[in-house]
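Letters A, B, ... mirror the listed sequences (proteins, then strands); counts begin at 1. Below, each value reflects all heavy atoms present in this structure, side chains not excepted, and no hydrogens, waters or symmetry copies.
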Amino acid sequence: MPELPEVETIRLGLTDRIIGKKIISVDFDTAKSFQGKTEDVVGSTISGVERRAKLIQIKLSNNNNLLFHLKLTGQLIVIDHSERFAGGHPSHDWHAELPNSNTRIVFELSDNVKLYFNDMRKFGWCKVLSPQAIEAIYEKDYGFEPLDKEFTVEYLLSKAKRIPNRNIKQFLMDQTIAAGMGNIYTDEALFEAGISPLRKIKDISVPEWQKLIDSMCKVLNMGLKYGGTTDSDYVRADGTKGGMQDHLKVYHQTGKPCANDCGGKVIRITVGGRGTHYCSQCQN
DNA sequence: CTCTGCACCTGAAAGC
DNA sequence: TGCTTTCAGGTGCAGA
């Protein structure tokens with residue numbers, strides 16, 4: 001599923017295609033996928049598309065919002081007559097006839113445009129929420145994003161203080177600390193910083209914290225520039241595809257020689273239940 | 001409070 | 001080939 005750069009790529013794709021459209025109808029298959037009342041959104045016009053961390057917020061003219069979390073396999077696909085934009089988990093559904101067995105929600109929009117929420121594993125969701133409810137979620141469950149100017153060494157040290165024995169990988173994956181980071185960009189940032197995913201945060205020096213911030217910004221900005229990571233060979237119907245997968249140095253590179261030419265190899269371990277890729281030679 | 005591990009779901013890919 | 005196991009871009013929560 002998408003991390004910050006992939007979700008931002010979706011936001012950009014949706015922005016040009018659905019803003020100004022009116023929601024004609026909403027159909028969904030499970031209560032888990034669509035949490036809200038369809039009458040709270042039908043008849044309203046889409047006024048904006050925003051992103052924070054890995055969440056997509058579609059703003060409506062009646063002051064309600066559709067908040068999406070795509071989790072691991074969520075996708076948002078817009079079909080405007082013959083033109084199609086697909087983002088999120090890469091799968092054949094980017095091109096498949098829709099709706100299909102993975103379709104959880106169909107939004108019928110004005111001008112014969114359709115927005116599909118597909119999600120194979122059903123972990124993702126769409127909730128109908130007020131601006132205040134969304135603000136409360138951000139306030140409670142999300143910290144700053146690495147690209148925010150407030151994401152400083154002081155900020156990270158304040159978060160680190162109470163959990164000195166946590167390893168850095170899980171620390172950076174914590175959305176209340178580094179919003180928008182996920183498994184790919186965390187592994188890549190740790191490689192860039194030359195720091196082992198297993199390092200306890202109490203053993204990280206101030207210059208290393210700064211290097212971590214710089215590395216996170218570097219890999220996230222690369223992800224944004226390349227339109228995210230598109231594992232496998234999936235290409236969007238509009239001809240574009242994410243390009244970050246060609247620039248990954250450790251994620252899913254198990255067994256390959258270290259990109260730093262240090263003589264080491266990329267190995268895969270499990271940290272906090274997540275596949276973790278790093279060079280045990282030059283990441284310490 | 002922190003930490004660990006599993007639960008939530010389904011399918012693709014890798015291993016035997 | 002075909003069966004079995006592992007893995008998957010993410011949380012959320014019970015129990016220690």
Could you tell me which residues satisfy salt bridge (Lys or Arg N to Asp or Glu O under 4.0 Å) with [X], sequence neighbours excluded, listed by chain and number?
X: A/Asp29; value: A/Arg104
X: A/Asp111; value: A/Lys21
X: A/Lys59; value: A/Glu50
X: A/Lys200; value: none

Enumerate all atom pairs, one protein N or O and one N or O from nucleotides 12-16 of chain C, separated by less than 3.5 Å.
none

Please report, rounded to the nearest Å, how far the [atom2] atom of [N] is from the [atom1] atom of [X].
X: A/Asn100; N: B/dT10; atom1: CG; atom2: P; result: 14 Å
X: A/Arg274; N: C/dA8; atom1: CZ; atom2: P; result: 8 Å
X: A/Ile137; N: C/dG10; atom1: CD1; atom2: C1'; result: 16 Å
X: A/Asp119; N: B/dT10; atom1: CG; atom2: P; result: 10 Å
X: A/His92; N: B/dA13; atom1: NE2; atom2: C1'; result: 16 Å
X: A/Ile184; N: C/dA8; atom1: CD1; atom2: P; result: 11 Å
X: A/Tyr138; N: C/dT11; atom1: OH; atom2: P; result: 13 Å
X: A/Asn118; N: B/dT10; atom1: CG; atom2: C1'; result: 13 Å

Hey, does A/Phe34 have a side-chain heavy atom less than 4.5 Å from the side chain of A/Leu66? yes
Evaluate the side-chain proximity of A/Leu156 to A/Phe151: yes if any heavy-atom separation is below 4.5 Å, no if none is. yes
Considering residues at least two apart in sequence or located in another chain, which fulfil the side chain to side chain donor-acceptor pair (under 3.5 Å) criterion with A/Lys225? none
Comparing A/Gln175 with A/Thr270, nearest DNA chain C nucleotide closer to 5' gives the residue A/Thr270
Using a 3.5 Å cut-off on both pairing distances, which stems of three or more Watson-Crick or G-U pairs include DNA chain B? B:2-8 with C:10-16, B:10-16 with C:2-8
What's A/Gly182 touching, base or sugar-phosphate or nothing? Going by heavy atoms closer than 4.0 Å. sugar-phosphate
Which is true for A/Arg104 with a 4.0 Å heavy-atom rule: it touches a base, it touches only sugar-phosphate, or it touches nothing? nothing
Inspect the surroundings of CD in A/Glu139 and state if more than 12 heavy atoms from other residues, nucleotides or ligands are less than 6.0 Å away. no
Residues which pass side-chain contact (heavy atoms from CB on, under 4.5 Å) with [X], listed by chain and number, not counting sequence neighbours:
X: A/Met173; value: A/Lys169, A/Asn183, A/Thr186, A/Arg274
X: A/Asn62; value: A/Ser44, A/Leu60, A/Asn64
X: A/Val250; value: A/Asp187, A/Glu188, A/Phe191, A/Val266, A/His277, A/Gln283

Determine which pairs satisfy salt bridge (charged side-chain N to carboxylate O under 4.0 Å, His left out) with at least one residue from residues 123-132 of chain A, sequence neighbours left out, and list them in order. none
I'd like the P distance from C/dA14 over to B/dC9, given in whole Å. 15 Å
Side-chain N or O of A/His252 versus OP1/OP2 of C/dA8: is the shortest distance under 4.0 Å? yes
Ignoring backbone atoms, test whether A/His69 places a side-chain nitrogen or oxygen under 4.0 Å from the OP1 or OP2 oxygen of C/dG10. no
Summary of protein contacts for nucleotides 3-9 of chain B, nucleotide by nucleotide, where a base hit scores B, a sugar-phosphate-only hit scores S (4.0 Å, heavy atoms): S----BB
